[in-house]
Amino acid sequence: QMMGPKGFVYMGRIIMLLFGTAKEGGSTSSPSQGSTCMPKTHVVFLKVHKSASSTVMNILFRFGDTRNLSFALPSNGATQLFYPHYFTAAAVQGFSPKKDPQFHIMCHHMRFFQPEVARVMPNTSFYFSILRNPIHLMESSFAYYKGSSAFAKAKNLEEFLNDTSKFYSASTSDSQYAKNLMTFDFGYNHNGNFSAKNVQLMLRAIEAQFDLLLISEYFDESMVLLKEALCWDLDDVVSFPLNSRDNSSKSHLSKDTIEKIKSWNKSDWELYVHFNRTFWEKIDGHMGRERMQQEVRALQQKREQLAKICLQEGGSVAPMKIADPALAPLQYGKAKILGYNIKPGLDRATRQMCQHLVTPELQYSSLLYRKQFPQKTLTPRNPAHLPNLYNRRAV
Ligand SMILES: *[C@@H]1O[C@H](CO)[C@@H](O)[C@H](O)[C@H]1NC(C)=O
Ligand SMILES: *[C@@H]1O[C@H](CO)[C@@H](O)[C@H](O)[C@H]1NC(C)=O
Ligand SMILES: *[C@@H]1O[C@H](CO)[C@@H](O)[C@H](O)[C@H]1NC(C)=O
Ligand SMILES: *[C@@H]1O[C@H](CO)[C@@H](O)[C@H](O)[C@H]1NC(C)=O
Ligand SMILES: *[C@@H]1O[C@H](CO)[C@@H](O)[C@H](O)[C@H]1NC(C)=O
Ligand SMILES: *[C@@H]1O[C@H](CO)[C@@H](O)[C@H](O)[C@H]1NC(C)=O
Ligand SMILES: CC(=O)N[C@H]1CO[C@H](CO)[C@@H](O)[C@@H]1O
């Protein structure tokens, strides 16, 4: 089966959604040039692991922060929304079952479970996510989650893929990091039966629930498409890459390894190929490649200007070289995560703008938590006290 017994119920609800409240016309209903539209301020971002999603999260943080919008933040200052368990509304600080859904932006890591998300976010919310080529994703995941059960004993990704039965056990609670991570984050069984029919059902369900799927290999095009769909300005989606690795922890993969990843991550591969195709169809149908290219160039120019204004070294630097601890990203696994230094001597407003652009997600998340819940003492090291709903393994 594609899913466990409860997962089957989930699929039933998805089918209802498909024929019930499916999104009107996908998200192609974004503004065309000249027409007026209202910027969307209710947004659900499924933050898929290892897919440039930290950079997207920073864009959402800054958009909401400068407009004083409310975020669906993890309870007690936790860093994720009950991940790797299925998302539950009780994982959100300030959620009340008695009130109508009220938050503006939800963007922390979660394992997607639409019926619970709908309890927290208004029914007009815009749902989107970003996918990454599973070949790049798995290479990155191996470096970042080297300590996970499946990867810990393998010398390198080649060795792991050469004999997965030796290293991989579907029943470990962190097995998703080694197989079909995107499939898992979207709420499906990463060890499932990926028959053509099941994959089609999954794709249709995701299409019904999400307005837009972006592609991290085409990050700038993705940001242009996003601002069009949300009726935001290009300035709202300018960013510097966050949580990215230094080149020394990236490894070159052989052709053979690449083919093995495709078949090992069969479900993720099909997910990616499908939504990469619809991504380009959306560009062609909505704005055309020429206008897209113009907008991408404008976005890149804005990024370069900001780098000149903000960054002491003009770009990213190694973790050792980051002077301000408030701007130092979490170092994890074998990956060396790069960061930035802000130019000294900037005026207050510019300094704050620059700082927000390069503040790593954990620090920014804490800032937003303190802003939204000033009366609460933040205890980030304490595990959140949550009911044991959906507390099960994914097999
Ligand atoms: C956000 O809140 C702060 C503090 O209350 C206030 O000074 C600022 O004007 C608000 N900004 C917007 C855009 O509402
Ligand atoms: C959306 O939510 C609003 C306010 O909670 C409610 O009045 C409305 O009926 C809902 N619409 C749908 C289609 O569920
Ligand atoms: C992969 O397995 C083959 C056959 O078992 C072996 O000859 C080869 O050295 C292995 N390669 C790696 C990278 O472990
Ligand atoms: C996978 O699912 C298909 C139906 O979608 C079924 O025909 C097939 O037997 C299943 N395979 C396994 C190994 O369970
Ligand atoms: C890292 O690799 C990328 C792509 O190969 C390259 O463009 C970039 O210049 C490299 N960065 C450093 C600091 O070597
Ligand atoms: C993604 O789409 C682009 C544009 O059509 C294409 O060039 C590329 O090969 C596609 N990638 C994959 C993995 O399908
Ligand atoms: C290369 C490889 O190990 N592929 C595996 C991918 O996963 C399916 C089951 O989901 C296995 O049958 C393949 O052997």
Side-chain angles (χ1 to χ4, degrees), residues 1-4 6-30 43-53 56 81 83-84 86-87 106-107 109-118 121 123 125-134 137 176 179-218 222 225-226 229-230 265-283 285-286 390 394:
Q1 270 302 334
M2 182 90 170
M3 339 218 154
K6 278 192 195 160
F8 188 73
V9 174
Y10 180 24
M11 183 56 100
R13 295 202 207 186
I14 287 170
I15 301 300
M16 272 164 48
L17 263 166
L18 261 169
F19 299 107
T21 59
K23 297 277 175 188
E24 320 131 28
S27 68
T28 29
S29 55
S30 40
V43 178
V44 176
F45 173 55
L46 175 60
K47 187 176 188 286
V48 167
H49 288 78
K50 306 286 104 203
S51 62
S53 59
V56 179
L81 292 164
Y83 193 87
Y86 274 114
F87 174 76
M106 177 186 261
C107 61
H109 279 306
M110 66 173 149
R111 188 173 189 205
F112 191 64
F113 186 50
Q114 209 273 345
E116 283 292 304
V117 174
M121 299 298 292
N123 55 19
S125 300
F126 180 89
Y127 284 66
F128 79 106
S129 185
I130 185 163
L131 304 175
R132 185 175 183 195
N133 187 321
L137 187 145
Q176 79 275 10
K179 191 175 189 183
N180 291 320
L181 183 52
M182 296 192 287
T183 298
F184 181 88
D185 286 358
F186 272 88
Y188 298 90
N189 184 354
H190 58 303
N191 293 303
N193 169 358
F194 305 121
S195 67
K197 189 179 152 210
N198 282 347
V199 169
Q200 280 307 310
L201 277 173
M202 176 177 74
L203 296 178
R204 292 292 91 78
I206 293 173
E207 271 170 350
Q209 293 182 325
F210 285 81
D211 296 285
L212 185 62
L213 278 307
L214 302 172
I215 300 291
S216 75
E217 275 72 23
Y218 307 104
S222 289
L225 212 48
L226 180 66
L230 290 172
N265 280 335
K266 195 169 186 308
S267 171
D268 268 16
W269 180 250
E270 304 226 7
L271 200 63
Y272 181 74
V273 169
H274 177 82
F275 286 113
N276 180 43
R277 195 173 59 241
T278 59
F279 176 77
W280 288 101
E281 282 167 8
K282 211 156 255 187
I283 290 172
H286 175 71
Y390 313 108

Suppose we screen for side-chain hydrogen bond (donor to acceptor under 3.5 Å, both in side chains). Which residues come up paired with Gln200, at least two apart in sequence or across chains? Arg204

Mind checking whether Trp269 and Asn133 have side chains closer than 4.5 Å, heavy atoms only? yes

Under 4.5 Å between any side-chain heavy atoms of Asp185 and Lys50, yes or no? no

Give me the atom names and distance for the closest heavy-atom approach of Ala229 to Phe126. CB-CZ, 3.7 Å

Please work out which of the three classes, parallel, tilted or perpendicular, describes the rings of His49 and Tyr83, given edges at 30° and 60°. tilted

How many angstroms lie between atom OG of Ser129 and atom CD1 of Ile215, to the nearest 0.5 angstrom? 9.5 Å

Say you draw a straight line from CG of Leu203 to CG of Asn198; how long is it, rounded to the nearest 0.5 Å? 11.0 Å

Quick check against the 3.5 Å criterion: does Arg111 have a side-chain atom that pairs as donor or acceptor with the backbone of Tyr188? yes

Is it true that a side-chain atom of Arg132 and a backbone atom of Ala52 form a donor plus acceptor pair closer than 3.5 Å? no

Say you draw a straight line from CD of Glu207 to NE2 of His274; how long is it, rounded to the nearest 0.5 Å? 3.5 Å

Distance, nearest 0.5 Å, that separates CG of Leu213 from CG of Leu271: 7.5 Å

With a 3.5 Å distance limit and no angle check, can you tell me whether Ser53 reaches the backbone of Val48 through a side-chain donor-acceptor pair? yes

Is any side-chain heavy atom of Phe128 closer than 4.5 Å to one of Val56? yes

Between Phe275 and Ile206, does a side-chain contact (heavy atoms from CB on, under 4.5 Å) hold up when you go through it step by step? CA-CA 10 Å; Phe275 286 113; Ile206 293 173; 3.7 Å; yes

Is the ring pair Phe184/His190 parallel, tilted or perpendicular, if the boundaries are 30 and 60 degrees? perpendicular

Do the side chains of Met110 and Val117 get nearer than 4.5 Å, heavy atoms only? yes

CG of Leu46 to CE of Met182, rounded to nearest 0.5 Å, is 11.0 Å

Taking the ring of Phe112 and the ring of Phe186, is the distance between their centroids below 6.0 Å? no

Answer yes or no: is there a donor N or O on one side and an acceptor on the other, between the side chain of Tyr86 and the main chain of Gly187, under 3.5 Å? yes

Once you measure the plane-to-plane angle for Phe279 and Tyr218, does it fall in the parallel (<30°), tilted (30-60°) or perpendicular (>60°) bin? parallel

How far apart are the closest heavy atoms of Val43 and Met121, and which atoms are they? O-CE, 3.5 Å

Under 3.5 Å, side chain of Asn180 to main-chain N/O of Asp268, donor-acceptor pair present? yes

Distance from Gln114 atom CD to Phe210 atom CZ, nearest 0.5 Å? 8.5 Å

